[in-house]
Amino acid sequence: MMKKSDLYIFAILIIVCVLKLVQIGYSRINFSTDILLNSFKKNYGEHIALKKDIIEAKKLLIENEITNFNLSEELMSNGYFKQRIVEFSYPIRLNETSKAVISLRNKSNTCKLKSKLNDLKLYEC
Amino acid sequence: MNVKSTHHQDSKLLIICLLISSAIFLNYFFWAINALSFLKYVNFSILIFLISYFLVSREFKKYNFIKLFFLSLLILCLGSALTDWDARSVWLFHAKRIYIDNDLYGGFDNYMPELMNAYPLIAPSLSATLAKLIGHWNEIFPKSTNILLVLPAVLIQCFFLKDSKFKLMWLMFILLFSGRILINGRTDGLVAIYFVSCCLVIFKLFIGKNLNFLSIKNKKINRSIILVLGILFGIILTLLKNEGFVIMFIIFISTIFFKLLTKRNFSFEDLFFWIFIFLPIIIWKFMATTGGVYPRIIGFGIEAVYSESLTQRIIIRLTDLDNYKLILDYLILNEKFIISLIIFGFAFLKNFKKNEMIFKFVIFNSIIYYFLLYFIYLSTPHDISWHLNSSAHRVLISIVLLLTYFSILSFQGKKN
(Lines give C-alpha, C1' and ligand atoms only; values in the text may rest on other atoms or scores of the structure.)
Protein backbone atom coordinates (compact mmCIF):
# COMPACT_ATOMS: atom_id res chain seq x y z
CA MET A 1 0.00 0.00 0.00
CA MET A 2 1.39 3.37 -1.01
CA LYS A 3 2.01 5.98 1.69
CA LYS A 4 -0.11 9.13 1.57
CA SER A 5 2.94 11.37 1.20
CA ASP A 6 4.12 9.26 -1.76
CA LEU A 7 0.72 9.61 -3.34
CA TYR A 8 0.99 13.40 -3.20
CA ILE A 9 4.47 13.28 -4.70
CA PHE A 10 3.27 11.05 -7.54
CA ALA A 11 0.30 13.32 -8.18
CA ILE A 12 2.53 16.41 -8.37
CA LEU A 13 5.07 14.71 -10.65
CA ILE A 14 2.37 13.43 -12.99
CA ILE A 15 0.70 16.84 -13.17
CA VAL A 16 4.01 18.53 -14.01
CA CYS A 17 4.74 15.92 -16.72
CA VAL A 18 1.31 16.33 -18.29
CA LEU A 19 1.52 20.13 -18.20
CA LYS A 20 4.96 20.04 -19.77
CA LEU A 21 3.82 17.67 -22.53
CA VAL A 22 0.88 19.97 -23.28
CA GLN A 23 3.19 23.00 -23.30
CA ILE A 24 5.65 21.31 -25.68
CA GLY A 25 2.85 20.11 -27.92
CA TYR A 26 0.89 23.28 -28.29
CA SER A 27 3.36 26.10 -27.84
CA ARG A 28 6.73 24.64 -28.88
CA ILE A 29 6.08 22.27 -31.77
CA ASN A 30 2.53 23.15 -32.91
CA PHE A 31 1.17 19.68 -32.40
CA SER A 32 -1.89 18.86 -34.47
CA THR A 33 -4.09 15.77 -34.52
CA ASP A 34 -4.48 16.24 -38.29
CA ILE A 35 -0.73 15.80 -38.69
CA LEU A 36 -0.77 12.80 -36.36
CA LEU A 37 -3.52 11.07 -38.31
CA ASN A 38 -1.79 11.70 -41.64
CA SER A 39 1.77 11.23 -40.40
CA PHE A 40 2.52 8.30 -42.71
CA LYS A 41 0.90 9.66 -45.90
CA LYS A 42 3.14 10.22 -48.89
CA ASN A 43 4.56 13.76 -49.11
CA TYR A 44 2.34 14.86 -46.23
CA GLY A 45 3.36 17.91 -44.24
CA GLU A 46 5.04 19.89 -47.02
CA HIS A 47 2.53 22.71 -46.76
CA ILE A 48 3.04 22.87 -42.98
CA ALA A 49 6.81 22.57 -42.85
CA LEU A 50 7.69 24.77 -45.83
CA LYS A 51 6.80 28.12 -47.31
CA LYS A 52 4.72 28.26 -50.47
CA ASP A 53 7.57 29.41 -52.70
CA ILE A 54 9.71 26.36 -51.84
CA ILE A 55 6.90 23.98 -52.77
CA GLU A 56 6.35 25.98 -55.96
CA ALA A 57 10.04 25.79 -56.87
CA LYS A 58 10.04 22.00 -56.56
CA LYS A 59 6.87 21.82 -58.64
CA LEU A 60 8.59 23.82 -61.39
CA LEU A 61 11.56 21.46 -61.33
CA ILE A 62 9.46 18.30 -61.44
CA GLU A 63 7.06 19.55 -64.12
CA ASN A 64 10.00 20.41 -66.37
CA GLU A 65 11.91 17.22 -65.57
CA ILE A 66 14.96 19.11 -64.39
CA THR A 67 17.77 17.02 -62.82
CA ASN A 68 19.87 19.93 -61.57
CA PHE A 69 19.22 23.63 -61.20
CA ASN A 70 20.70 26.96 -60.30
CA LEU A 71 19.21 29.88 -58.40
CA SER A 72 19.10 33.51 -59.44
CA GLU A 73 21.33 35.87 -57.47
CA GLU A 74 18.60 37.12 -55.16
CA LEU A 75 17.35 33.58 -54.36
CA MET A 76 20.91 32.34 -53.84
CA SER A 77 21.49 35.06 -51.26
CA ASN A 78 18.30 34.07 -49.44
CA GLY A 79 19.69 31.55 -46.92
CA TYR A 80 16.30 30.12 -46.04
CA PHE A 81 15.26 29.58 -49.66
CA LYS A 82 18.58 28.06 -50.68
CA GLN A 83 18.77 25.64 -47.77
CA ARG A 84 15.17 24.54 -48.01
CA ILE A 85 15.09 24.02 -51.76
CA VAL A 86 18.30 21.99 -51.57
CA GLU A 87 16.91 19.52 -49.06
CA PHE A 88 13.33 19.56 -50.28
CA SER A 89 14.09 19.04 -53.95
CA TYR A 90 16.67 16.27 -53.43
CA PRO A 91 17.57 14.17 -55.55
CA ILE A 92 17.30 17.19 -57.90
CA ARG A 93 20.55 18.98 -57.11
CA LEU A 94 21.63 22.58 -56.89
CA ASN A 95 24.42 23.11 -59.39
CA GLU A 96 25.85 26.54 -60.07
CA THR A 97 26.71 25.58 -63.66
CA SER A 98 23.21 24.34 -64.46
CA LYS A 99 21.29 25.95 -67.33
CA ALA A 100 17.99 25.71 -65.49
CA VAL A 101 17.66 28.79 -63.30
CA ILE A 102 14.88 29.52 -60.82
CA SER A 103 14.14 33.18 -60.36
CA LEU A 104 11.58 35.39 -58.66
CA ARG A 105 8.64 36.14 -60.92
CA ASN A 106 8.95 39.90 -60.58
CA LYS A 107 12.65 39.96 -61.59
CA SER A 108 13.51 40.29 -65.23
CA ASN A 109 15.93 37.85 -66.83
CA THR A 110 17.48 37.71 -70.30
CA CYS A 111 17.33 33.90 -70.48
CA LYS A 112 14.61 31.87 -72.19
CA LEU A 113 11.51 31.44 -70.05
CA LYS A 114 10.55 27.78 -69.69
CA SER A 115 7.78 27.87 -67.14
CA LYS A 116 6.21 30.07 -64.50
CA LEU A 117 3.99 29.80 -61.45
CA ASN A 118 2.55 32.34 -58.99
CA ASP A 119 5.82 33.54 -57.41
CA LEU A 120 8.63 31.93 -59.41
CA LYS A 121 9.85 31.44 -62.96
CA LEU A 122 12.09 28.81 -64.48
CA TYR A 123 14.56 29.98 -67.14
CA GLU A 124 16.90 28.15 -69.47
CA CYS A 125 20.14 30.09 -69.71
CA MET B 1 5.28 -7.54 -5.70
CA ASN B 2 7.82 -9.94 -4.24
CA VAL B 3 11.59 -9.68 -4.54
CA LYS B 4 11.90 -12.63 -6.90
CA SER B 5 9.43 -11.15 -9.38
CA THR B 6 11.22 -7.77 -9.22
CA HIS B 7 14.56 -9.39 -10.07
CA HIS B 8 12.91 -11.32 -12.87
CA GLN B 9 11.53 -8.09 -14.33
CA ASP B 10 14.92 -6.41 -13.99
CA SER B 11 16.75 -9.22 -15.78
CA LYS B 12 14.16 -9.23 -18.55
CA LEU B 13 14.42 -5.48 -18.86
CA LEU B 14 18.18 -5.72 -19.26
CA ILE B 15 17.72 -8.30 -22.01
CA ILE B 16 15.12 -6.28 -23.89
CA CYS B 17 17.27 -3.18 -23.53
CA LEU B 18 20.21 -5.12 -24.94
CA LEU B 19 18.17 -6.42 -27.87
CA ILE B 20 16.76 -2.98 -28.74
CA SER B 21 20.23 -1.40 -28.63
CA SER B 22 21.62 -4.25 -30.74
CA ALA B 23 18.91 -3.75 -33.36
CA ILE B 24 19.69 -0.01 -33.48
CA PHE B 25 23.38 -0.71 -33.95
CA LEU B 26 22.74 -3.49 -36.49
CA ASN B 27 20.63 -1.11 -38.56
CA TYR B 28 23.65 1.20 -38.83
CA PHE B 29 25.98 -1.74 -39.40
CA PHE B 30 23.87 -3.08 -42.28
CA TRP B 31 23.92 0.35 -43.93
CA ALA B 32 27.66 0.67 -43.30
CA ILE B 33 28.47 -2.61 -45.05
CA ASN B 34 25.83 -1.97 -47.72
CA ALA B 35 23.99 -5.18 -46.80
CA LEU B 36 20.90 -6.50 -48.55
CA SER B 37 17.80 -4.37 -47.98
CA PHE B 38 16.04 -7.50 -46.76
CA LEU B 39 18.37 -7.68 -43.74
CA LYS B 40 17.69 -4.04 -42.86
CA TYR B 41 13.93 -4.60 -43.07
CA VAL B 42 14.03 -7.75 -40.94
CA ASN B 43 16.21 -6.04 -38.36
CA PHE B 44 13.96 -2.97 -38.22
CA SER B 45 10.87 -5.17 -37.90
CA ILE B 46 12.53 -6.96 -34.98
CA LEU B 47 13.24 -3.57 -33.40
CA ILE B 48 9.58 -2.57 -33.71
CA PHE B 49 8.50 -5.97 -32.36
CA LEU B 50 10.79 -5.63 -29.33
CA ILE B 51 9.53 -2.16 -28.52
CA SER B 52 5.93 -3.28 -28.96
CA TYR B 53 6.59 -6.27 -26.71
CA PHE B 54 7.99 -3.96 -24.04
CA LEU B 55 4.95 -1.69 -24.35
CA VAL B 56 2.26 -4.36 -24.15
CA SER B 57 3.88 -6.99 -21.95
CA ARG B 58 2.64 -7.21 -18.36
CA GLU B 59 6.09 -8.34 -17.32
CA PHE B 60 7.22 -4.71 -17.32
CA LYS B 61 4.49 -3.29 -15.11
CA LYS B 62 7.14 -1.62 -13.00
CA TYR B 63 8.10 0.49 -16.00
CA ASN B 64 4.63 1.75 -16.94
CA PHE B 65 5.73 5.36 -16.55
CA ILE B 66 8.40 4.85 -19.20
CA LYS B 67 5.86 3.32 -21.54
CA LEU B 68 3.66 6.40 -21.18
CA PHE B 69 6.65 8.71 -21.52
CA PHE B 70 7.77 6.94 -24.70
CA LEU B 71 4.29 6.93 -26.24
CA SER B 72 3.76 10.61 -25.40
CA LEU B 73 7.01 11.59 -27.11
CA LEU B 74 6.15 9.44 -30.11
CA ILE B 75 2.69 10.98 -30.45
CA LEU B 76 4.09 14.51 -30.15
CA CYS B 77 6.75 13.67 -32.73
CA LEU B 78 4.27 12.20 -35.20
CA GLY B 79 1.89 15.09 -34.64
CA SER B 80 4.34 17.83 -35.60
CA ALA B 81 6.04 18.84 -38.82
CA LEU B 82 9.76 19.00 -39.38
CA THR B 83 10.57 22.71 -39.19
CA ASP B 84 13.73 23.02 -37.11
CA TRP B 85 16.69 24.36 -39.10
CA ASP B 86 19.40 21.85 -38.17
CA ALA B 87 16.98 18.95 -38.08
CA ARG B 88 15.91 19.66 -41.66
CA SER B 89 19.21 20.76 -43.12
CA VAL B 90 21.51 18.29 -41.47
CA TRP B 91 19.87 15.24 -39.93
CA LEU B 92 16.78 14.62 -42.02
CA PHE B 93 18.50 15.81 -45.18
CA HIS B 94 21.12 13.11 -44.66
CA ALA B 95 18.38 10.60 -43.84
CA LYS B 96 16.69 11.53 -47.11
CA ARG B 97 19.98 11.13 -48.93
CA ILE B 98 20.52 7.66 -47.46
CA TYR B 99 16.93 6.75 -48.37
CA ILE B 100 17.12 8.05 -51.96
CA ASP B 101 20.76 7.21 -52.76
CA ASN B 102 20.44 3.89 -50.92
CA ASP B 103 23.91 4.57 -49.59
CA LEU B 104 25.22 5.59 -46.17
CA TYR B 105 28.25 7.21 -47.75
CA GLY B 106 26.37 9.33 -50.32
CA GLY B 107 27.37 12.48 -48.45
CA PHE B 108 31.03 11.80 -49.19
CA ASP B 109 30.45 13.27 -52.67
CA ASN B 110 30.55 16.54 -50.68
CA TYR B 111 27.37 17.93 -52.20
CA MET B 112 26.48 21.00 -50.09
CA PRO B 113 29.44 20.80 -47.66
CA GLU B 114 27.78 23.34 -45.35
CA LEU B 115 25.25 20.61 -44.48
CA MET B 116 27.86 18.73 -42.45
CA ASN B 117 28.68 15.71 -44.59
CA ALA B 118 31.29 14.54 -42.06
CA TYR B 119 28.78 13.97 -39.26
CA PRO B 120 28.25 10.32 -38.30
CA LEU B 121 24.82 9.06 -39.29
CA ILE B 122 23.39 6.48 -36.91
CA ALA B 123 20.18 8.46 -36.31
CA PRO B 124 19.56 9.32 -40.01
CA SER B 125 20.20 5.69 -40.98
CA LEU B 126 17.33 4.60 -38.75
CA SER B 127 15.00 7.19 -40.36
CA ALA B 128 16.10 6.01 -43.80
CA THR B 129 15.25 2.38 -43.00
CA LEU B 130 11.81 3.36 -41.75
CA ALA B 131 11.20 5.37 -44.95
CA LYS B 132 12.35 2.38 -47.01
CA LEU B 133 9.92 0.12 -45.15
CA ILE B 134 7.06 2.60 -45.55
CA GLY B 135 8.00 3.11 -49.19
CA HIS B 136 7.99 6.90 -49.35
CA TRP B 137 9.21 10.07 -47.69
CA ASN B 138 7.33 12.84 -45.97
CA GLU B 139 7.93 15.73 -43.58
CA ILE B 140 6.58 14.00 -40.48
CA PHE B 141 7.41 10.38 -39.72
CA PRO B 142 11.15 10.07 -40.49
CA LYS B 143 12.16 12.04 -37.39
CA SER B 144 10.13 9.74 -35.13
CA THR B 145 12.92 7.15 -35.14
CA ASN B 146 14.83 9.44 -32.76
CA ILE B 147 12.30 8.48 -30.11
CA LEU B 148 13.15 4.81 -30.68
CA LEU B 149 16.76 5.72 -30.00
CA VAL B 150 15.81 7.36 -26.71
CA LEU B 151 14.17 4.25 -25.30
CA PRO B 152 17.07 1.91 -24.37
CA ALA B 153 19.07 4.73 -22.81
CA VAL B 154 16.14 5.86 -20.65
CA LEU B 155 15.33 2.26 -19.74
CA ILE B 156 18.76 1.65 -18.32
CA GLN B 157 18.64 4.94 -16.41
CA CYS B 158 15.33 3.95 -14.84
CA PHE B 159 16.58 0.42 -14.24
CA PHE B 160 19.16 1.82 -11.81
CA LEU B 161 16.57 4.01 -10.08
CA LYS B 162 14.86 1.50 -7.85
CA ASP B 163 12.12 3.73 -6.46
CA SER B 164 9.17 4.53 -8.76
CA LYS B 165 9.13 8.09 -7.38
CA PHE B 166 12.67 8.61 -8.59
CA LYS B 167 11.91 7.06 -11.96
CA LEU B 168 9.01 9.43 -12.50
CA MET B 169 11.00 12.38 -11.19
CA TRP B 170 13.77 11.64 -13.69
CA LEU B 171 11.32 11.38 -16.59
CA MET B 172 9.86 14.71 -15.48
CA PHE B 173 13.28 16.35 -15.56
CA ILE B 174 13.98 14.91 -19.02
CA LEU B 175 10.77 16.53 -20.22
CA LEU B 176 11.45 19.82 -18.46
CA PHE B 177 15.03 20.14 -19.65
CA SER B 178 15.09 18.43 -23.02
CA GLY B 179 11.53 17.65 -24.06
CA ARG B 180 11.49 19.67 -27.26
CA ILE B 181 14.94 18.73 -28.51
CA LEU B 182 14.04 15.06 -28.28
CA ILE B 183 11.05 15.57 -30.55
CA ASN B 184 12.13 18.08 -33.17
CA GLY B 185 14.52 15.86 -35.11
CA ARG B 186 17.80 17.17 -33.69
CA THR B 187 20.30 14.84 -32.06
CA ASP B 188 21.43 17.05 -29.15
CA GLY B 189 18.83 15.56 -26.81
CA LEU B 190 19.94 12.06 -27.75
CA VAL B 191 23.57 12.95 -27.08
CA ALA B 192 22.61 14.23 -23.63
CA ILE B 193 20.56 11.13 -22.79
CA TYR B 194 23.33 8.78 -23.96
CA PHE B 195 25.95 10.81 -22.08
CA VAL B 196 24.07 10.01 -18.88
CA SER B 197 23.63 6.33 -19.75
CA CYS B 198 27.26 5.85 -20.74
CA CYS B 199 28.53 7.52 -17.56
CA LEU B 200 26.16 5.39 -15.51
CA VAL B 201 26.97 2.04 -17.09
CA ILE B 202 30.71 2.67 -17.23
CA PHE B 203 30.78 3.84 -13.63
CA LYS B 204 28.89 0.73 -12.51
CA LEU B 205 31.13 -1.56 -14.56
CA PHE B 206 34.57 -0.18 -13.89
CA ILE B 207 34.58 2.22 -10.96
CA GLY B 208 31.68 1.48 -8.61
CA LYS B 209 32.41 -0.97 -5.81
CA ASN B 210 29.91 -3.59 -6.79
CA LEU B 211 26.85 -4.24 -8.87
CA ASN B 212 24.67 -4.44 -5.79
CA PHE B 213 21.48 -3.82 -7.73
CA LEU B 214 21.38 -7.37 -9.03
CA SER B 215 20.22 -10.62 -7.57
CA ILE B 216 23.12 -12.81 -6.49
CA LYS B 217 22.01 -15.66 -8.70
CA ASN B 218 22.11 -13.71 -11.94
CA LYS B 219 24.98 -11.41 -11.07
CA LYS B 220 27.46 -12.79 -13.58
CA ILE B 221 25.01 -12.95 -16.46
CA ASN B 222 23.72 -9.47 -15.74
CA ARG B 223 27.20 -8.02 -15.60
CA SER B 224 27.91 -9.46 -19.05
CA ILE B 225 24.68 -7.94 -20.37
CA ILE B 226 25.60 -4.56 -18.90
CA LEU B 227 29.09 -4.85 -20.37
CA VAL B 228 27.67 -5.41 -23.87
CA LEU B 229 25.12 -2.65 -23.26
CA GLY B 230 27.97 -0.32 -22.32
CA ILE B 231 29.67 -1.10 -25.63
CA LEU B 232 26.45 -0.56 -27.59
CA PHE B 233 25.63 2.71 -25.82
CA GLY B 234 29.18 3.89 -26.37
CA ILE B 235 28.98 3.08 -30.07
CA ILE B 236 25.61 4.80 -30.42
CA LEU B 237 26.86 7.90 -28.57
CA THR B 238 29.96 8.23 -30.75
CA LEU B 239 27.91 7.78 -33.93
CA LEU B 240 25.22 10.28 -33.00
CA LYS B 241 27.24 13.44 -33.49
CA ASN B 242 30.81 14.70 -33.24
CA GLU B 243 30.03 15.92 -29.71
CA GLY B 244 29.16 12.33 -28.83
CA PHE B 245 32.61 11.20 -29.93
CA VAL B 246 34.23 13.90 -27.81
CA ILE B 247 32.06 13.05 -24.80
CA MET B 248 32.92 9.37 -25.09
CA PHE B 249 36.58 10.28 -25.20
CA ILE B 250 36.15 12.32 -22.02
CA ILE B 251 34.49 9.35 -20.31
CA PHE B 252 37.35 7.15 -21.50
CA ILE B 253 39.96 9.50 -20.00
CA SER B 254 38.07 9.84 -16.74
CA THR B 255 37.61 6.06 -16.46
CA ILE B 256 41.36 5.53 -16.78
CA PHE B 257 41.98 8.30 -14.26
CA PHE B 258 39.54 6.86 -11.72
CA LYS B 259 40.83 3.33 -12.19
CA LEU B 260 44.31 4.58 -11.42
CA LEU B 261 42.98 6.57 -8.48
CA THR B 262 41.22 3.56 -7.00
CA LYS B 263 44.17 1.28 -7.83
CA ARG B 264 42.09 -1.03 -10.02
CA ASN B 265 43.77 -3.41 -12.41
CA PHE B 266 43.45 -2.99 -16.13
CA SER B 267 42.34 -6.11 -17.94
CA PHE B 268 41.78 -7.31 -21.49
CA GLU B 269 38.10 -6.71 -20.86
CA ASP B 270 38.82 -2.96 -20.54
CA LEU B 271 40.88 -2.96 -23.68
CA PHE B 272 38.28 -4.73 -25.81
CA PHE B 273 35.49 -2.63 -24.31
CA TRP B 274 37.06 0.61 -25.50
CA ILE B 275 38.26 -0.80 -28.82
CA PHE B 276 34.74 -1.96 -29.67
CA ILE B 277 33.31 1.42 -28.72
CA PHE B 278 35.70 3.53 -30.78
CA LEU B 279 36.13 1.25 -33.78
CA PRO B 280 32.96 2.24 -35.73
CA ILE B 281 33.51 5.99 -35.34
CA ILE B 282 37.20 5.67 -36.24
CA ILE B 283 36.24 3.77 -39.39
CA TRP B 284 33.66 6.47 -40.22
CA LYS B 285 36.15 9.30 -39.65
CA PHE B 286 38.82 7.50 -41.62
CA MET B 287 36.49 7.01 -44.58
CA ALA B 288 35.32 10.62 -44.40
CA THR B 289 38.79 12.13 -44.29
CA THR B 290 40.16 9.86 -47.02
CA GLY B 291 37.14 10.96 -49.08
CA GLY B 292 38.10 14.62 -48.49
CA VAL B 293 35.19 15.32 -46.13
CA TYR B 294 36.27 17.14 -42.97
CA PRO B 295 34.45 18.34 -39.84
CA ARG B 296 33.66 21.99 -40.59
CA ILE B 297 33.44 23.11 -36.99
CA ILE B 298 37.22 22.90 -36.72
CA GLY B 299 37.36 25.31 -39.61
CA PHE B 300 37.84 23.21 -42.72
CA GLY B 301 36.23 24.71 -45.78
CA ILE B 302 34.63 27.63 -43.98
CA GLU B 303 34.88 31.22 -45.07
CA ALA B 304 35.94 32.17 -41.56
CA VAL B 305 34.92 35.40 -39.89
CA TYR B 306 38.38 35.32 -38.38
CA SER B 307 41.10 34.43 -40.81
CA GLU B 308 43.65 33.79 -38.03
CA SER B 309 44.82 30.39 -36.85
CA LEU B 310 43.07 28.53 -34.03
CA THR B 311 45.39 29.80 -31.27
CA GLN B 312 45.30 33.35 -32.61
CA ARG B 313 41.50 33.26 -32.61
CA ILE B 314 41.48 32.15 -28.97
CA ILE B 315 43.96 34.83 -27.92
CA ILE B 316 42.08 37.60 -29.75
CA ARG B 317 38.79 36.55 -28.18
CA LEU B 318 40.28 36.23 -24.71
CA THR B 319 41.50 39.80 -24.88
CA ASP B 320 38.08 41.16 -25.81
CA LEU B 321 35.93 41.89 -22.74
CA ASP B 322 32.69 41.62 -24.73
CA ASN B 323 33.33 37.93 -25.22
CA TYR B 324 33.33 37.37 -21.46
CA LYS B 325 29.90 38.94 -21.25
CA LEU B 326 28.67 36.75 -24.09
CA ILE B 327 30.03 33.61 -22.44
CA LEU B 328 28.54 34.64 -19.10
CA ASP B 329 25.14 35.06 -20.77
CA TYR B 330 25.13 31.79 -22.66
CA LEU B 331 27.27 29.32 -20.71
CA ILE B 332 26.66 30.41 -17.14
CA LEU B 333 23.37 32.29 -16.90
CA ASN B 334 21.42 29.50 -18.54
CA GLU B 335 18.36 28.81 -16.38
CA LYS B 336 18.41 25.02 -16.90
CA PHE B 337 22.10 24.88 -16.08
CA ILE B 338 21.59 26.91 -12.92
CA ILE B 339 18.65 24.75 -11.80
CA SER B 340 20.66 21.56 -12.35
CA LEU B 341 23.57 23.04 -10.40
CA ILE B 342 21.24 23.82 -7.50
CA ILE B 343 19.83 20.26 -7.57
CA PHE B 344 23.32 18.81 -7.76
CA GLY B 345 24.58 21.08 -5.00
CA PHE B 346 21.76 19.97 -2.73
CA ALA B 347 22.37 16.27 -3.49
CA PHE B 348 26.11 16.79 -2.99
CA LEU B 349 25.63 18.29 0.46
CA LYS B 350 23.19 15.57 1.51
CA ASN B 351 24.77 12.48 -0.02
CA PHE B 352 28.43 13.07 -0.77
CA LYS B 353 29.65 10.80 2.01
CA LYS B 354 27.77 7.72 0.88
CA ASN B 355 28.34 8.34 -2.84
CA GLU B 356 31.77 9.94 -2.84
CA MET B 357 33.15 8.20 -5.90
CA ILE B 358 30.10 8.71 -8.09
CA PHE B 359 30.04 12.45 -7.28
CA LYS B 360 33.73 12.77 -8.11
CA PHE B 361 33.22 10.89 -11.38
CA VAL B 362 30.30 13.09 -12.44
CA ILE B 363 32.05 16.32 -11.46
CA PHE B 364 35.20 15.28 -13.33
CA ASN B 365 33.29 14.49 -16.53
CA SER B 366 31.13 17.61 -16.32
CA ILE B 367 34.04 19.94 -15.73
CA ILE B 368 36.09 18.59 -18.63
CA TYR B 369 33.11 18.82 -20.98
CA TYR B 370 32.22 22.29 -19.70
CA PHE B 371 35.70 23.66 -20.27
CA LEU B 372 35.81 21.99 -23.65
CA LEU B 373 32.76 24.04 -24.57
CA TYR B 374 34.70 27.20 -23.72
CA PHE B 375 37.52 26.03 -25.96
CA ILE B 376 35.10 25.24 -28.82
CA TYR B 377 33.38 28.63 -28.61
CA LEU B 378 36.56 30.63 -28.16
CA SER B 379 38.12 28.93 -31.15
CA THR B 380 35.10 28.82 -33.43
CA PRO B 381 35.73 29.93 -37.01
CA HIS B 382 32.21 31.42 -36.95
CA ASP B 383 31.14 34.61 -35.25
CA ILE B 384 31.22 33.73 -31.52
CA SER B 385 27.96 35.54 -30.76
CA TRP B 386 26.11 33.71 -33.54
CA HIS B 387 27.64 30.38 -32.55
CA LEU B 388 26.75 30.74 -28.87
CA ASN B 389 23.26 31.94 -29.67
CA SER B 390 22.57 29.07 -32.03
CA SER B 391 23.95 26.17 -30.00
CA ALA B 392 24.96 26.89 -26.38
CA HIS B 393 21.52 26.13 -24.91
CA ARG B 394 21.50 22.74 -26.69
CA VAL B 395 24.98 21.53 -25.82
CA LEU B 396 24.60 22.52 -22.16
CA ILE B 397 21.72 20.05 -21.83
CA SER B 398 24.26 17.20 -21.68
CA ILE B 399 25.69 18.59 -18.44
CA VAL B 400 22.25 19.56 -17.14
CA LEU B 401 20.91 16.01 -17.51
CA LEU B 402 24.09 14.43 -16.17
CA LEU B 403 24.04 16.50 -12.98
CA THR B 404 20.32 15.98 -12.48
CA TYR B 405 20.31 12.22 -13.01
CA PHE B 406 23.17 11.52 -10.65
CA SER B 407 21.64 13.82 -8.05
CA ILE B 408 18.48 11.71 -8.09
CA LEU B 409 20.51 8.49 -8.09
CA SER B 410 22.44 9.62 -5.02
CA PHE B 411 19.26 9.71 -2.96
CA GLN B 412 18.90 5.94 -3.16
CA GLY B 413 19.69 4.06 0.02
CA LYS B 414 22.65 1.90 -0.96
CA LYS B 415 26.22 3.00 -1.25
CA ASN B 416 27.58 3.25 -4.79
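Below, chains carry the letters A, B, ... as their sequence lines are ordered, and counting in each starts from 1. Computed over heavy atoms, backbone and side chain alike; hydrogens, waters and symmetry mates excluded. None of these values were measured; they are calculated from a predicted model.
- Taking the six-membered ring for Trp and thresholds of 30 and 60 degrees, B:Phe93 and A:Tyr90 have ring planes more than 60 degrees apart, a perpendicular arrangement.
- Listed for the B:Lys96 side chain is a donor-acceptor partner under 3.5 Å among the backbone atoms of A:Phe88.
- Looking only at side-chain heavy atoms (C-beta outward), A:Arg84 and B:Ser89 come within less than 4.5 Å of each other.
- Per-residue counts of heavy-atom pairs under 4.5 Å with chain B were compared for A:Leu50, A:Asp34, A:Asn95, A:Leu36; the largest is that of A:Leu36.
- Annotation: side chain of B:Ile134 is not in contact with side chain of A:Lys42 (no heavy-atom distance under 4.5 Å).
- In terms of heavy atoms, A:Ser39 sits closest to B:Leu78 at CB-O, 3.3 Å.
- From B:Ile174, atom CD1 reaches atom NZ of A:Lys20 across 13.0 Å, with rounding to the nearest 0.5 Å.
- Within the 4.5 angstrom heavy-atom criterion, atoms from both the backbone and the side chain of A:Ile14 approach chain B.
- For B:Leu76, the parts lying under 4.5 angstrom from a heavy atom of chain A are both the backbone and the side chain.
- Ranked by heavy-atom pairs shorter than 4.5 Å toward chain A, the options B:Arg180, B:Glu139, B:Arg88, B:Met172 are led by B:Arg88.
- With a 4.5 angstrom heavy-atom cutoff, B:Ile100 touches chain A only via side-chain atoms.
- Residue A:Lys82 touches chain B through its side chain alone, counting heavy-atom pairs closer than 4.5 Å.
- Options B:Ile183, B:Thr83, B:Leu68, B:Ile75 differ in how many heavy-atom pairs under 4.5 Å they form with chain A, and the most are formed by B:Ile75.
- For B:Leu175 against A:Ile24, the heavy-atom pair with the smallest separation is O-CD1, 4.1 Å.
- Within the 4.5 angstrom heavy-atom criterion, no atom of B:Phe173 approaches chain A.
- A distance of 8.5 Å separates CD1 in A:Ile9 from CZ in B:Phe166, rounded to the nearest 0.5 Å.
- Only the side chain of B:Asp101 comes within less than 4.5 Å of a heavy atom in chain A; its backbone stays farther off.
- Residues A:Lys41 and B:Phe141 fail the side-chain proximity criterion, which asks for heavy atoms closer than 4.5 Å.
- Of the listed residues (B:Met169, B:His136, B:His94), the one with the most heavy-atom contacts under 4.5 Å to chain A is B:His136.
- For the residue pair B:Asn138 and A:Asn43, the shortest heavy atom distance occurs at CB-N, 3.6 Å.
- Between B:Met112 and A:Leu94 the shortest side-chain heavy-atom distance falls below 4.5 Å.
- Few gaps surround NZ on B:Lys132; more than 12 heavy atoms of other groups in view lie less than 6.0 Å from it.
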Derivation and outcome, side chain to side chain contact (heavy atoms under 4.5 Å, CB included), residues B:Lys165 and A:Asp6: CA-CA 8 Å; B:Lys165 271 198 306 267; A:Asp6 281 357; 2.9 Å; yes
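- Other residues, nucleotides and ligands contribute over 12 non-hydrogen atoms within 6.0 Å of the NZ atom of B:Lys67.
- For the pair B:Asp109/A:Arg93, a side-chain contact is recorded, criterion being any heavy-atom separation below 4.5 Å from C-beta on.
- Both the backbone and the side chain of B:Ser164 have a heavy atom closer than 4.5 Å to some heavy atom of chain A.
- When all heavy atoms of A:Ile48 and B:Ala81 are compared, the closest pair comes out as CG2-CB, 3.8 Å.
- Closest approach of A:Ala49 and B:Leu82 over heavy atoms only: CB-O, 3.4 Å.
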